[in-house]
Amino acid sequence: MLGLLLITFIIGRVMPIDPVLKVVGDRASQAQYDAAYQAMGLDRPLYVQFARYLGDVLTGDFGRSISTGQLVVDDILRVFPATVELATLGTLIGVLIGVPLGVIAAARRGGIVDQVARVVALVGYSMPIFWLGLMGLLVFYGILGWVGGPGRQGIIYDGMIPTVTGLILVDSLIAGDWGAFQDAFSHIILPASLLGYFSLAYISRMTRSFMLEQLSAEYITTARVKGLSERAVIWRHAFRNISIPLVTVIALSFGSLLEGSVLTEIIFSWPGLGQYITKALLSGDMNAVLGGTVVVGTCFVLLNILSDILYRVLDPRSK
């Protein structure tokens, strides 16, 4: 986390964007510019600026956003739930489809299912997500009308659901508004499916690789010789052993969707953290960029810690 903060901070300071002009405007006098420059602490050495920023971050103070005029913490609390909701649904789609697909592909190596799984994974890795997003909007929203358009909700429901968790699907259920839930689901299902497809490609590929390694092990041969059914061999023995590394794969996939959904959020006008950081970067709002970066980095660290904890639960040898 310290390295992440340091690198991002230095990049923010050497970028050819003047944060002072974003505050005072390009028509300010030199005296006004100098006063703002000193007030922002930019006249001090970089190590002093970083130490001051690090002290503020440790107290939960990311500064004030130049773009919105609000505290960065308040902005992140407002936009982050939208990204979490999108990434969570995408990860669920990837896990529920990718894991069984990878297991079956490995169990039937060289068969039709295996070939389909490999093609699906290859396309998922190589197809640009912005192109898939645009095509998805054109086909499923523009032509077929099966899903909602860009944004989290339609105009009729915008601002109508009381914010409890920040997750529209959950808040609409808490409010008991089934119409709002259906509307929110129709808007999130397409971008979540796209992210789920990319998650599915990674998870199914890794699951297949893990399973092939286990199915070639001696204990699998022993289990088959003892007369166990193929279903028991695959799911009770082989899959149980790959569940340990699979936890890390799923956790990192979830973390990747949290920070890698920028293009998806832009295409679908999804008011999440990725879109917030992108707009902040384009406007030279480094307080917001650094704040968002810290949040994403913290998520990765916490997900890795969670994986380590689950290791101890799933693998008796770690005890």
Here the gap from I244 atom CD1 to S307 atom OG, rounded to the nearest 0.5 Å, amounts to 12.0 Å

**Message:** Any non-hydrogen side-chain atom of W131 less than 4.5 Å from a side-chain atom of M127?
**Reply:** yes

Exactly one candidate in V116, L200, L96 meets side-chain contact (heavy atoms from CB on, under 4.5 Å) with L101; the answer is L200

Applying salt bridge (charged side-chain N to carboxylate O under 4.0 Å, His left out) to R240 and not counting sequence neighbours gives none

Report task. Establish whether L86 and I161 are linked, either directly or via other cluster members, by ILVMFWY side-chain heavy-atom contacts under 4.5 Å. Result -> no

Note: with side-chain heavy atoms under 4.5 Å as the link, the other cluster members for Y157 come out as I156

*Should we count CZ of R205 as having more than 12 external heavy atoms under 6.0 Å?*
no

With sequence neighbours left out, the residues meeting side-chain contact (heavy atoms from CB on, under 4.5 Å) with T298 are M1, V294, L302

Rounding to 0.5 Å, atoms CD1 (I220) and CE (M211) come to a distance of 7.5 Å

Open item on the list: Could you walk me through whether L195 and I129 satisfy the side chain to side chain contact (heavy atoms under 4.5 Å, CB included) test, starting with their C-alpha distance in whole Å, then the side-chain angles of each, then the deciding distance to 0.1 Å, before giving a yes or no?
Closed with: CA-CA 8 Å; L195 292 179; I129 193 169; 3.8 Å; yes

With sequence neighbours left out, the residues meeting side-chain contact (heavy atoms from CB on, under 4.5 Å) with D285 are S65, I66, S67, A280, S283, N287, A288

- Donor-acceptor under 3.5 Å (D183 side chain, G179 main chain): no

### Message
Could you tell me if the side chain of R208 sits less than 4.5 Å from the side chain of R109, heavy atoms only?
### Response
yes

Would a 4.5 Å heavy-atom cut-off, applied to side chains only, mark R52 and Q49 as touching? no

(message) Test your reading of the model: is there a side-chain donor-acceptor pair from Q275 to the backbone of S269, 3.5 Å cut-off?
(response) no

How about I242 and E213: do any of their side-chain heavy atoms sit closer than 4.5 Å? no

**Asked** Taking C-beta and beyond as the side chain, do L258 and V296 meet within less than 4.5 Å on heavy atoms?
**Response** no

Taking atom CH2 of W146 as the centre, report whether more than 12 heavy atoms of other residues, nucleotides or ligands fall under 6.0 Å from it. no

(request) Answer yes or no: is there a side-chain heavy-atom contact under 4.5 Å between I168 and E85? (result) yes

When every non-hydrogen atom of G272 is compared with those of A82, the smallest separation belongs to CA-CB, 4.1 Å

So ring pair (Phe, Tyr, Trp, His ring centres under 6.0 Å) across residues 172-197, not counting sequence neighbours, yields W178-F181

Q) Heavy-atom distance under 4.5 Å between the side chains of Q115 and V119, does that happen here? A) no

Applying side-chain hydrogen bond (donor to acceptor under 3.5 Å, both in side chains) to D74 and not counting sequence neighbours gives none

Shared hydrophobic cluster, V99 / L92 (ILVMFWY, side-chain heavy atoms < 4.5 Å) | no

Joining Ile, Leu, Val, Met, Phe, Trp and Tyr whenever any side-chain heavy atoms lie under 4.5 Å apart, the cluster holding I174 also takes in V164, L167, V170

One should read off an interatomic distance between T293 OG1 and L281 CG, to the nearest 0.5 angstrom, of 9.0 Å

Check: G69 main-chain N/O paired with R64 side-chain donor or acceptor under 3.5 Å
yes

Any side-chain heavy-atom pair from F50 and L5 closer than 4.5 angstrom?
yes

By side-chain hydrogen bond (donor to acceptor under 3.5 Å, both in side chains), S204 pairs with (sequence neighbours left out) none

So OH of Y141 and CG of L144: to nearest 0.5 Å the spacing works out to 13.0 Å

Checking V48, L290, D61, L58 against Y53 for side-chain contact (heavy atoms from CB on, under 4.5 Å), the one that qualifies is L290

Exercise for the section: Consider only side-chain heavy atoms of I, L, V, M, F, W and Y, link residues closer than 4.5 Å, and tell whether I97 and I112 are in one cluster. Expected result: yes

Say whether L6 and L54 are linked into one hydrophobic cluster, either directly or through other cluster members, by side-chain heavy-atom distances under 4.5 angstrom.
yes

- Query: Under the 3.5 angstrom rule, does the side chain of D56 hit a backbone N or O of F62 as a donor-acceptor pair?
  - Reply: no

Residues passing the side-chain contact (heavy atoms from CB on, under 4.5 Å) test with L303, sequence neighbours excluded, are A251, F254

(request) Is it possible for you to say whether L212 and Y219 belong to one hydrophobic cluster, with membership spreading through side-chain heavy-atom contacts below 4.5 Å? (result) no

Salt bridge (charged side-chain N to carboxylate O under 4.0 Å, His left out) filter on E230, not counting sequence neighbours, yields R224

Taken in chain and number order and not counting sequence neighbours, the residues that satisfy side-chain contact (heavy atoms from CB on, under 4.5 Å) with I267 are F130, L134, L137

Sorted by chain and residue number, the side-chain hydrogen bond (donor to acceptor under 3.5 Å, both in side chains) partners of D75 (sequence neighbours excluded) come out as T68, R78, Y276

Note to self: Could you check whether any side-chain N or O of W270 sits under 3.5 Å from a backbone N or O of T264, counting only pairs where one atom can act as donor and the other as acceptor?
What the structure shows: no

Output for pair (L46 CG, I10 CD1), nearest 0.5 Å, gives 7.0 Å

Closest heavy-atom pair, S199 versus G94, reported as atoms and distance to 0.1 Å, is OG-CA, 4.0 Å

In this structure, CG of L228 is separated from OG1 of T222 (nearest 0.5 Å) by 10.5 Å

